[in-house]
Structures are given as C-alpha cells and as structure tokens.
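Since the model is a prediction, treat every value here as computed from it, not as a measurement. Values below: all heavy atoms of this structure, side chains included; hydrogens, waters and symmetry mates excluded. Residue numbers start from 1 in every chain, and the chains themselves are labelled A, B, ... in the order their sequence lines are given, proteins ahead of strands.
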Number of protein chains: 2
Amino acid sequence: MRSFDQGGVQKNSSIPIYSQVERIVMDMIDSGRLSPGQRAPSERGIADTLGISRMTARAAMSSLVADGYLYSVPGKGTFVSNPKMRQDLLELTSFTQDMRKRGLKPGAKLLELGVTDEAPEKIYRALGLSAADGLLRIHRLRTADEEPMCLETSYLPKDYFTWLLEEDLESGSLYRALESHGVELVRAEEHLEATVVRETESELLTVRVGYPALLIERTSYTEEDKAIEFVKSLYRGDRYRFSAMLFKRRPRRGGLP
Amino acid sequence: MRSFDQGGVQKNSSIPIYSQVERIVMDMIDSGRLSPGQRAPSERGIADTLGISRMTARAAMSSLVADGYLYSVPGKGTFVSNPKMRQDLLELTSFTQDMRKRGLKPGAKLLELGVTDEAPEKIYRALGLSAADGLLRIHRLRTADEEPMCLETSYLPKDYFTWLLEEDLESGSLYRALESHGVELVRAEEHLEATVVRETESELLTVRVGYPALLIERTSYTEEDKAIEFVKSLYRGDRYRFSAMLFKRRPRRGGLP
DNA sequence: AAGTGGTCTAGACCACATT
DNA sequence: ATGTGGTCTAGACCACTTA
C-alpha cells in the first residue's frame, strides 16, 4: 500500500469518505501513477492504509467500477480500464460545454426571444402542457469558432421562466442561467435523424439548400422527472458528429436458478 | 410492508439475496402493483419483512436507482421513475433486435462476403490490426418489413472468423452467429453523422440521389476490450431515427470543502 | 496459504421529511 | 416523535486466483 502514503481522508468532512477515496484513486489514474490494465489498490489495502472500514473502501471502488473507470476480476483484483472505455460519451451537456470539449469556441446569435401560443402539439406533449399554456421560444444560431454550427430552437413553459426574457442568452449558456435560478437538468431524451437544409435555414447556416444536416430533438428533465425544456437543433452535417457508447444490458437475475 | 407478504427470498440460493430483491421490486413495477411516482417499500421495511439486513435491501434498491428504475429522495423515500426514463434507450443491439424492438420485421440481402486487403486505414486502426492483416468484409442490404432500411458493411479480422464464410447471414443475425461461437460483444462505440445518398447507394436503398441518410460507424468490443467488428451503416433518413438518453455526470467531489 | 472481490450481518449516527 | 435515505463500522463466510 505504498502508493497511498501521501494522502489521507478527513473523517469529519462534509464530503463522504468514500467520495474522498474515489477522488484519491481517480487522481492516481489521472496523474498516471496508475496505468490502464494495472491493478488498483485492493479494498482491504485501502481500508487498512486509510484507517477506514472495508465496506467504505468498497463503496468507492464499486462506484468507479460502475462508472467504467475500473473493472474488477474476482479473486484477482481491480484494474484500470482502457481509457477509450471511460470516455464520457453520453454526458448531458449544453451546447457551450459540448463545443468546449471539442476544442471549439462556442458562441450564439439571438434570433428570437419571446412568448408564443403556436407550436407543434408534440412540443406541448413533451413538456406535459396543454395547448392553452404559453410557451417561451428561444431561437438562436449557435456558432463554433465564429462559424455557424447549428440552428437551435428552445421551448420552455412560460409560467415559470418569464425571467429568462431579461437574460443575456448570447454570451451566456441557457443551462447556466437555469442553474443560477435553481433549475438543474439532469436527464434528457434525444432523438436524432438525418435531414437536409431547407431554404430558410440555408442562409443562416451558410450552406446550400439540400446540404446534409442532423436534426436533434431533446427533452430535458429535472431530478423530479419534470420536463423543462424542448430543443430542436439543426446541425450542419459537415461539422457535427454525434458519439455514443453502447452497452449490452446486464441481465437481471432472480428467476429460477 | 403488506406488499411483500407473498414472496420471500431464498437465503441459500446461488443467486445473491439483493438480486432476488431487485427482481421482487421489478416484478412489482412490471405488474403495475407499483406505479410511476409511487413510493417503493423502504429499505428498513424490506429488510424487516424479508428477514434480511438493511444493507442488503439497500444494495438492491441502490442498484435499481443506478439503473434508473427508481429514484430516491432523502428523508422521503424511494419512488418509481417515469417509464420513459427507464427505457433502455442505449442498449447494444444487433440490427435484427433493433428492428424487432421497433415492431418491424428484419431481413437481409447478402451483397458481398469475402476477404479483402483493401480497406480505409481507419478500419485497421479501429480493429487494432495492421494493413498486412486480412479483413473479412460482409456487405448487406438490411430490410425492415421487406423495405430497404440500410446498407451495412461489416469488417472483422479474417484470422479468427474464416468460419463466417460458411454462415447463413441472410436469415440469421451476425451477432447470433458470433455468440454461438463463443464471441460476445458487450460494448460498442458509435459515431453518427448526417449525409446524403450517393449514386451507388441510391438504387439499393430505393431513394433518389441526394436523399438524407444517417451514417453510423460502430466499433464493437468483447468484455476483454478486444475490438472485433467495425460496421459502417447507411440508414435511410426517412425511416430511421436514433434515440439516446443523456445523463448529467455525477460530480466527483473530494477536493476542498 | 494468503490475498482478492462478492456478499451479508447487526448495529450506529446524521440530516431531512412528515406527522 | 417517527420514518426516511445516506453514510459508516467491524466483523464474517464464500469462491476464486496466485504463489
């Protein structure tokens, strides 16, 4: 357990001990002191060195296994995963974060911000509203490195978010604005389909009519499963690529042995 | 804890108790005895009724929370998630399974099956091979309800899979064939982008040139992180829609309080 | 024989919600 | 005051791998 000598955990911190242990192990991975394929400290080793219970050490390691950073082999140990496998390929991010992660500078040009009564019925349904409810519509051209990337139209229930009309949505992220008002989106359902650029969109995206484009519809939810936002985004096909990691479903046992 | 009266757990089964509890709770959800939004049995309640430790009951419930079937609210209880939230929207499936899930009848027309020396360098890299290695190429037109759905080209390392040349890949699934030979793919990385149908593809997909299409590239891996298969699929834009569920990354605390 | 992850127990204290 | 999930402890037994 030499590798653990340097750091310890604070037992009376507001941060759970297992979280502190997760961080310690992640730091070992990120700093390269633990390489892919290499064996991570054992649960008992961590517990002894840090003076904590094995179950607490195990909670930390299990969490890292669940997130794909480590994998465990019964009888042998816990090992560091291949980096490719632990890429967060399906994280809920804002356009701003997404572009930054791709190494591009995000930007926005506000095209429309207002209240509307007319929207496809699908949108009311996604937000759990009736056609009588008002909607806030935010229409923006999103840029990456100052070049047009996508056309984005967001819909939110008007009643809760009228304050958004006062917000600066060109320089700041909509998600940041929501969070600073205590609204946190934790889940989203996305549907992607291929389409082509139409005349009204052609000029704004600076590509010719008929150019390939990715149409993404996203419905975002809070922790309490309340739908807050419906976004329709039209990405230039030549500039945007969507990545995902798929996993085979873990069979849930418990039937007949 | 009335709701638990009927079933019990077998303490000496080879199936872990927490797995049995997971199954019991899932059955309550699937059968409708527990509805979305409703409170699930408490950890202590489960423990008392089934005569197990609370930590074991908690392991079951935490697992169901992690998988999105339940969500917990500290101080209040654990509740059944909205069904939409627990759809396995990003499961690794074969074309065959995917179409069946969409209620369509899958089919395949074998266009080419053979060994090749010439493939884009990207494919060798994805499979961890060198250009000197031989590749198996399977080119198929995939249909759904007898209508063209996508053009699919699969590449596999030749050395391990020459037996595939004898396989019936029109009526059967490639994944099924692999599994029956002990090769199980458990993870895949997918990249999606919008494109348009070109002349060579137009006739096979029975859509005109310039029609929107979704290009999907998938690299599939075994449990041991060995890349087995690279697939390039061109889906008709009007027939195929890709769905995904995104989650906000759980912040990993542990820095300064 | 020693070490490992996987499972399980019977308690405990906390912050928070509800009543 | 009671019940809830969240965290933590100090043990235990098992099946497995490695030496």
Side-chain angles (χ1 to χ4, degrees), chain A residues 1-4 8-23 25 38-66 69-81 223-224 250 252-254 257, chain B residues 1-3 8-23 25 38-66 69-81 223-224 250-254 257:
Chain A
M1 262 332 78
R2 187 78 51 89
S3 40
F4 261 64
V9 292
Q10 299 175 322
K11 291 221 176 189
N12 289 323
S13 163
S14 69
I15 298 167
I17 297 175
Y18 73 87
S19 282
Q20 301 181 43
V21 176
E22 285 179 31
R23 178 57 163 269
V25 176
Q38 201 179 335
R39 218 195 74 191
S42 74
E43 297 168 359
R44 286 171 182 82
I46 293 173
D48 291 347
T49 315
L50 298 179
I52 60 176
S53 146
R54 183 191 158 202
M55 283 301 279
T56 304
R58 177 170 172 76
M61 299 301 273
S62 299
S63 165
L64 295 178
V65 168
Y69 296 104
L70 304 172
Y71 64 92
S72 56
V73 183
K76 296 185 71 173
T78 308
F79 302 83
V80 181
S81 300
E223 182 67 60
E224 297 79 30
R250 175 169 69 90
R252 200 170 291 290
R253 301 170 298 169
Chain B
M1 259 336 77
R2 186 81 48 91
S3 40
V9 292
Q10 298 175 320
K11 291 221 175 190
N12 289 324
S13 163
S14 69
I15 297 168
I17 296 176
Y18 73 88
S19 282
Q20 300 182 43
V21 177
E22 285 179 33
R23 179 55 163 269
V25 176
Q38 202 180 336
R39 218 194 72 192
S42 73
E43 296 169 358
R44 286 171 182 83
I46 294 173
D48 291 347
T49 314
L50 297 179
I52 60 176
S53 147
R54 183 192 158 203
M55 284 301 277
T56 304
R58 177 170 173 75
M61 299 302 272
S62 298
S63 166
L64 294 178
V65 168
Y69 297 104
L70 304 173
Y71 64 92
S72 57
V73 183
K76 296 185 73 173
T78 307
F79 302 84
V80 181
S81 300
E223 183 67 61
E224 298 79 29
R250 179 168 64 89
R252 204 169 287 293
R253 300 172 298 171

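- Within the structure, every side-chain polar atom (N or O) of B:Tyr18 is placed at least 4.0 Å from both OP1 and OP2 of C:dC8.
- Rounded to whole Å, atom C1' of D:dT17 lies 11 Å from atom CZ of A:Arg39.
- Here B:Ser53 does not reach the OP1 or OP2 of C:dC8: none of its side-chain N or O atoms lies under 4.0 Å away.
- A:Asp48 places its CG atom 14 Å from the C1' atom of D:dT9, with the value rounded to the nearest Å.
- Atom C1' of nucleotide C:dG5 and atom CG of A:Leu70 are separated by 13 Å, given to the nearest angstrom.
- Sorted by first and then second residue, the salt bridge (charged side-chain N to carboxylate O under 4.0 Å, His left out) pairs involving residues 53-64 of chain B (not counting sequence neighbours) are B:Glu43-B:Arg54, B:Glu43-B:Arg58.
- Applying the 4.0 Å criterion to OP1 and OP2 of D:dT4, one finds that B:Ser72 has every side-chain N and O outside that range.
- At least one donor-acceptor pair under 3.5 Å links the side chain of B:Thr49 to the backbone N or O of B:Gly45.
- Between the CG atom of B:Asn12 and the P atom of C:dT9 there is a distance of 11 Å, given to the nearest Å.
- Scanning for side chain to side chain contact (heavy atoms under 4.5 Å, CB included) contacts around B:Phe79 gives B:Arg39, B:Tyr71, B:Val73, B:Lys76, with sequence neighbours left out.
- Taken to the nearest 0.5 Å, the CZ atom of A:Arg44 stands 12.0 Å off from the CD1 atom of A:Ile46.
- Listed by first and then second residue, the salt bridge (charged side-chain N to carboxylate O under 4.0 Å, His left out) pairs that reach into residues 10-20 of chain A come to none, sequence neighbours excluded.
- Here the side chain of A:Arg58 is nearest to one of D:dC8, C:dG6, C:dC8, namely C:dG6.
- Listed pair A:Thr78 / C:dG5 meets the phosphate criterion, a side-chain N or O lying under 4.0 Å from OP1 or OP2.
- Here the P atom of nucleotide C:dC8 and the NZ atom of B:Lys11 are 9 Å apart, to the nearest Å.
- Tested against A:Pro16 for a side-chain contact (heavy atoms from CB on, under 4.5 Å), the candidates A:Ser13, A:Ser14, A:Ser19 yield a single pass: A:Ser19.
- For D:dT7, neither phosphate oxygen OP1 nor OP2 lies less than 4.0 angstrom from any side-chain nitrogen or oxygen of A:Thr56.
- A straight line from CD1 of B:Ile46 to P of D:dT4 spans 11 Å, rounded to a whole angstrom.
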Nucleic acid footprint by protein, nucleotides 13-19 of chain C - heavy-atom cut-off 4.0 Å, B for base, S for sugar-phosphate alone = ---BSS-

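- Under the rule for a side chain to side chain contact (heavy atoms under 4.5 Å, CB included), the partners of B:Thr56 that lie at least two apart in sequence or sit in another chain are B:Ile17, B:Tyr18, B:Ile52, B:Ser53.
- Summarising the geometry, the separation between CE on A:Met55 and P on D:dT9 is reported as 11 Å, rounded to the nearest angstrom.
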Under a cut-off of 3.5 Å for both distances of each Watson-Crick or G-U pair, what dot-bracket string does DNA chain D give, using [ ] for crossing pairs and | for inter-strand pairs?
-> |.||||||||||||||||.

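- In this entry the distance linking CG of A:Leu64 with C1' of C:dG5 reads 15 Å, nearest Å.
- Atom CG of residue B:Leu70 and atom OG1 of residue B:Thr78 lie 6.5 Å apart, to the nearest 0.5 angstrom.
- For the atom pair CG of B:Leu64 and OG of B:Ser72, the computed distance is 11.5 Å after rounding to the nearest 0.5 Å.
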